[in-house]
Amino acid sequence: MINAAAATPMGLAALEARLQQDLDWLELPGKDWMPQTLVDGVAVLDVAIIGGGQAGMAAAVSLQHLGIKAVIFDQSPAGFEGPWATTARMETLRSPKKLTGPALGFAALTFRAWFEAQFGLAAWDALDKIPRLQWMQYLRWYGRVMQLDVRNLHRLQAVSPRADGVVALQLQTPTGEQTVLARRVVLATGRDGLGGAQVPAIAQSLPRHSWAHSSDAMDYGTLAGKRIGVIGAGSSAMDSAATALESGAERVDLLIRRQELPRINKGKGSGNPGLTNGHLHLPDEWKWRIRHYVNVQQTPPPTGSTRRVSKFANARFLFGAPIERIDVLPDGLRVITPRGVFHYDFLIFSTGFRIDWNQRPEFAAIAPHVRSWRARYMPPPGAEDAELSDSPDLGAAFEFQQKQPGSLPGLERVHCFCHAAVLTHGTLSGDIPAISDGAQRLAQGIASLFYGEDIEFHYRNTQAYAEPELVGDEWQPAEPTEAERAALHEVGR
């Protein structure tokens, strides 16, 4: 039974006061312990984070709690960091509402606390999945209450590790080009963080106005009255198809290579604290075996997303229909599959993402030097997996490692806290379930690396430390008795 007091929303102001009290009791943010660094008279940031979405913010707060200053640079306008209010098209998140996401162990920082503070417990109990745009509102609140230093409209142009202990970042900003120096750089760049859309070769021969990738920013209103083919059957395919239908498309077909949709999310079934904490330490063959199995099984689209499409009479699920050829005709596109020949005005390729350094010119200086799993591990026959082979071989703090030692000094100062870290670290660097665990591992690793680099500075601070515990008047010296002094002779002294 819910009592009236518990059902009454406390309001955001009260929640924020509670959160601040928790932080005060824990003496957070942590005390500043880092040396100030200057290079040629220019101040050097402790940590620069590229990307202000949930991963970047969780990383910044985790560093902040350890007394390490971090600045976030994001290319989007304020309040539009990440995909939630831009290219994401699902109605609700796919994760269960009970997951605590980037809250880092603080109950008052969870989405649930934020939601209940405004709408009450009964509304929380009635909520099925978290609406996508409401999650974005929560993340905006999160960044504000944690007082994060976010520099918006700052687009990364180049990352250049240097041998003198810093990384140079070339940024395009609202006031022009700017060079920023940082001791460590964290790439919190999301699902396509080291590449971009995976577009099949067959699309490259088509007029660019006749197709899009599901991750493209586009106005779906332009699809009204048109015949649309969606290539793929994952979550983003359902979201794109549903958005096209809701925007007034004449017909939407999902062209699906498989004979049926996968039913079980194997990745969800593998998640537990053992994986979160233990994947990093598994033998290579087990890391590969687990991630390859999840890849092969594929992730089914959520039931809600699928029903969002199937409720339309002008939607079709066409199974066993891989694309064999696409012809460009005066009145549209002719798509030839084993199931039949279909005519469309526009195609949406929902074909996922890939690690592809060529799509990210800002990483041109580091790309040739990054050690990948292709150089680390040879899978057994039948277990080949291009996505896994292309994944970077990372260190314990998510840091890149050099393919040839000495080829690019300072590369290890760049940390990969995005989806590409999954093979090395598990699902800690982007997905909601374990993002706090990943951010804390990243921050603790960076703190350890800083301490080792600055050990002489910290040792000097230890030597120079002069705050007395005792002032000298806490006691009075005493003298032994005559008998105690005489006893020295009896013991042979």
Side-chain angles (χ1 to χ4, degrees), residues 28-52 56-57 59-75 146-189 362-366 369 395 397-402 406-417 439 442-467:
L28 295 173
K31 183 179 178 182
D32 185 15
W33 56 279
M34 294 285 293
Q36 293 186 343
T37 305
L38 296 174
V39 173
D40 298 330
V42 177
V44 177
L45 301 178
D46 292 340
V47 179
I49 299 174
I50 307 300
M57 290 199 295
V61 174
S62 296
L63 289 162
Q64 185 184 84
H65 286 177
L66 296 181
I68 300 172
K69 295 184 178 68
V71 176
I72 296 174
F73 298 98
D74 192 280
Q75 64 188 12
M146 298 314 294
Q147 301 179 34
L148 299 180
D149 186 349
V150 182
R151 316 281 174 87
N152 290 98
L153 301 175
H154 281 57
R155 179 181 291 274
L156 181 66
Q157 302 288 341
V159 179
S160 303
R162 299 184 351 186
D164 60 354
V166 300
V167 180
L169 300 176
Q170 193 72 30
L171 298 162
Q172 184 65 45
T173 80
T175 58
E177 287 196 359
Q178 178 184 358
T179 298
V180 171
L181 302 180
R183 293 185 61 186
R184 297 269 165 185
V185 172
V186 174
L187 303 180
T189 44
E362 64 268 37
F363 300 140
I366 67 173
H369 304 281
F398 295 85
E399 72 272 26
F400 288 123
Q401 301 185 87
Q402 297 178 55
S407 63
L408 184 61
L411 176 63
E412 295 82 4
R413 295 182 175 278
V414 184
H415 302 254
C416 177
F417 194 56
L442 171 75
Q444 290 165 1
I446 288 177
S448 174
L449 292 167
F450 276 146
Y451 184 74
E453 292 170 13
D454 300 330
I455 191 59
E456 291 186 5
F457 167 84
H458 296 301
Y459 183 64
R460 288 195 303 271
N461 280 352
T462 301
Q463 291 177 308
Y465 184 74
E467 182 180 332

Next item on the list: Report yes if the side chains of L449 and H415 come closer than 4.5 Å at any heavy-atom pair, otherwise no.
Entry: yes
Item checked: Lys/Arg N to Asp/Glu carboxylate O, K69 vs D32, below 4.0 Å -> yes
Checklist line | Smallest separation among heavy atoms of L408 and A365, with atom names | finding: CD2-O, 3.7 Å
Notebook entry, point to check: Parallel, tilted or perpendicular: which describes the rings of Y451 and H458, with under 30° parallel and over 60° perpendicular?
Noted result: parallel
Note to self: Give me the atom names and distance for the closest heavy-atom approach of G51 to I72.
What the structure shows: O-CG2, 3.6 Å
Item checked: Residue that, paired with Q170, satisfies side chain to side chain donor-acceptor pair (under 3.5 Å) out of R155, Q157, E177, E362 -> E177
Next item on the list: Write down the atom of E412, the atom of R184, and the distance for their closest heavy-atom approach.
Entry: O-NH1, 3.0 Å
Note to self: Applying side-chain contact (heavy atoms from CB on, under 4.5 Å) to R162 and L181, what does each step give before you reach the verdict?
What the structure shows: CA-CA 10 Å; R162 299 184 351 186; L181 302 180; 3.9 Å; yes
Note to self: Is the shortest side-chain heavy-atom distance between Q64 and L148 below 4.5 Å?
What the structure shows: yes
Next item on the list: Looking only at non-hydrogen atoms, find the nearest pair between L63 and A70 and report the distance.
Entry: CD1-CB, 3.9 Å
Note to self: Tell me if a side-chain donor or acceptor on H154 pairs with a main-chain N or O of L171 at a distance below 3.5 Å.
What the structure shows: no
Note to self: Quick check against the 3.5 Å criterion: does R413 have a side-chain atom that pairs as donor or acceptor with the backbone of E399?
What the structure shows: no
Next item on the list: Might you confirm whether atom CD of Q36 has over 12 heavy atoms from other residues, nucleotides or ligands at distances under 6.0 Å?
Entry: no
Check: Minimum heavy-atom separation for G56 to I49, with atom names?
Finding: O-CD1, 3.7 Å
Checklist line | From CA spacing to verdict: side-chain contact (heavy atoms from CB on, under 4.5 Å), F400, H369 | finding: CA-CA 9 Å; F400 288 123; H369 304 281; over 6 Å; no
Check: If you take all heavy atoms of A59 and L442, which pair is closest and at what distance?
Finding: CB-CD2, 3.7 Å
